[in-house]
Amino acid sequence: MAHTRRALPLPPAFYDRDTELVARGLLGMTLEHRVGGSVVRGRIVETEAYLGEHDPACHAAAGRTARTDPLYGPPGTAYVYFVYGMHWCVNAVTRAEGLPSAVLIRSVEPVAGIETMRERRPRARSDQQLCDGPAKLCAAFGIDGRQNRAALWKGPLRILEAEPISDQDVRRTRRIGISRARSWPLRWNVVRRATR
DNA sequence: TCGAAGATTGTCT
DNA sequence: GACAATCTTCGAG
């Protein structure tokens, strides 16, 4: 890219919209995490929407509990949860307070800080495998429970505006990795590389 | 290259 | 006590 205008974080208003629009809109955006002196960045290429208490696959379907409480919080904050006894996953909370919906970030492409990612995920055999899964990207980015409820527009953990992905490069499919409400078409991913 | 199964712990019934 | 928005390894073809 020739001249990069300074990347701005997506404002809270970006997240205070229909969750499906947010999931689609996050494709192509930049996930960034600063820890100590190191910065890692990635391009979001896969997301999933979780719509609220009426969505059986959404954690909020169980109601408001200590675990799901962040989903009820303000839009643009992080919901980081622990699964399978060993993995962390990160979501962006969407819609107004009291509407417990969110977008799971499932996959990103490494953009910066690849050395740091490799240190955190020495088992990855290729750069692509560093963060092509929800738990992998949390490991590569150093995301864990400490980022739960963090504001994504000003934290050390942020999502920055970047080149949007055009419709012809986006595919919408069913959600994966879940047992309930599997058939709902709430997963978006980038099918073609925008770079050449 | 693909499918099956184990790892491991917080949360809710 | 069951199960989970996953990743990795291992064995078969």
Side-chain angles (χ1 to χ4, degrees), chain A residues 15 18-27 29 31 33 40 42-73 75-95 99-110 114 116-150 152 157 159 170-190:
Chain A
Y15 303 94
D18 183 90
T19 303
E20 299 186 33
L21 290 177
V22 177
R24 166 65 179 84
L26 281 175
L27 294 178
M29 301 299 111
L31 181 68
H33 195 203
V40 292
R43 179 168 163 265
I44 298 172
V45 294
E46 185 178 337
T47 58
E48 260 175 15
Y50 289 87
L51 301 184
E53 293 177 349
H54 65 283
D55 176 355
C58 185
H59 287 174
R64 190 168 189 162
T65 65
R67 183 201 195 197
T68 64
D69 191 63
L71 288 169
Y72 292 78
T77 54
Y79 169 50
V80 184
Y81 66 88
F82 190 64
V83 275
Y84 297 113
M86 60 190 87
H87 298 305
W88 294 97
C89 297
V90 62
N91 298 245
V93 174
T94 62
R95 311 202 59 190
L99 295 175
S101 50
V103 173
L104 171 69
I105 300 174
R106 289 197 59 90
S107 181
V108 309
E109 289 174 359
I114 292 179
T116 304
M117 295 185 196
R118 286 208 156 282
E119 287 170 18
R120 290 171 177 153
R121 278 185 43 73
R123 294 167 174 267
R125 296 191 187 175
S126 67
D127 285 358
Q128 164 131 35
Q129 289 178 11
L130 282 171
C131 27
D132 63 343
K136 295 182 195 177
L137 75 89
C138 279
F141 275 66
I143 297 171
D144 59 29
R146 288 171 294 180
Q147 281 74 45
N148 198 20
R149 298 176 185 274
L152 293 172
L157 178 63
I159 300 178
V170 171
R171 192 162 49 196
R172 179 178 181 169
T173 65
R174 293 180 289 179
R175 292 184 293 195
I176 59 179
I178 57 174
S179 54
R180 288 172 290 188
R182 259 188 183 149
S183 61
W184 296 17
L186 295 175
R187 170 173 172 250
W188 285 261
N189 69 300
V190 179

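These numbers come from a predicted model, not from an experiment. A note on names: the letters A, B, ... follow the listed sequences, proteins ahead of strands, and every chain is numbered from 1.
We find that D132(A) and R106(A) are not joined by a salt bridge, their nearest charged nitrogen and carboxylate oxygen being 4.0 Å or further apart. A salt bridge links E20(A) with R172(A): at least one charged nitrogen is closer than 4.0 Å to a carboxylate oxygen. D55(A) has no carboxylate O lying under 4.0 Å from a charged side-chain N of R180(A), or vice versa, which leaves the two without a salt bridge.
Straight-line distance from the OH atom of Y84(A) to the C1' atom of dT9(C): 17 Å, rounded to whole Å. Here the P atom of nucleotide dT11(B) and the CG atom of D69(A) are 12 Å apart, to the nearest Å.
Contacts of A62(A) with the nucleic acid, taken as non-hydrogen atoms under 4.0 Å apart, are absent. Residue contacts for R123(A): at a heavy-atom cut-off of 4.0 Å it reaches the sugar-phosphate backbone alone, with no base atom in range. Within 4.0 Å of R182(A), counting heavy atoms only, lies no atom of the nucleic acid at all.
Distances were taken from every side-chain heavy atom of F82(A) (C-beta onward) to each of dA4(C), dC7(C), dT9(B); the shortest belongs to dT9(B). Side-chain proximity of M86(A) to dA5(C), dT8(C), dA7(B): nearest is dA7(B). Here the nucleotide nearest the side chain of T65(A), chosen from dC12(B), dA4(C), dT8(C), is dC12(B). Distances were taken from every side-chain heavy atom of H87(A) (C-beta onward) to each of dC7(C), dA5(C), dC12(B); the shortest belongs to dC7(C).
Remark: dA5(C) base-pairs with no nucleotide in the shown strands. Criterion, Watson-Crick or G-U wobble with two distances under 3.5 Å. If you check dT1(B) for Watson-Crick or wobble pairing at under 3.5 angstrom, you find it paired to dA12(C).
Nucleotides dG3(B) and dA5(C), compared at atom P, are 22 Å apart to the nearest Å.
Map Y50(A) and R121(A) each onto its nearest nucleotide of DNA chain C; the residue landing nearer the 5' end is Y50(A).
By the neighbour-count criterion of 12 heavy atoms within 6.0 Å, atom CZ of R171(A) is sparsely surrounded, having that number or fewer from other residues, nucleotides or ligands.
A distance cut-off of 5.5 Å between ring centres, combined with a plane angle under 30°, leaves Y81(A) outside any stacking arrangement with the base of dA5(C).
Residue S179(A) places at least one side-chain N or O under 4.0 Å from the OP1 or OP2 atom of dA4(C).
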message = ring-ring contact (aromatic ring centres under 6.0 Å, His included), that's the test. Do F82(A) and H87(A) meet it? Break it down for me.
response = CA-CA 6 Å; F82(A) 190 64; H87(A) 298 305; 8.1 Å; no

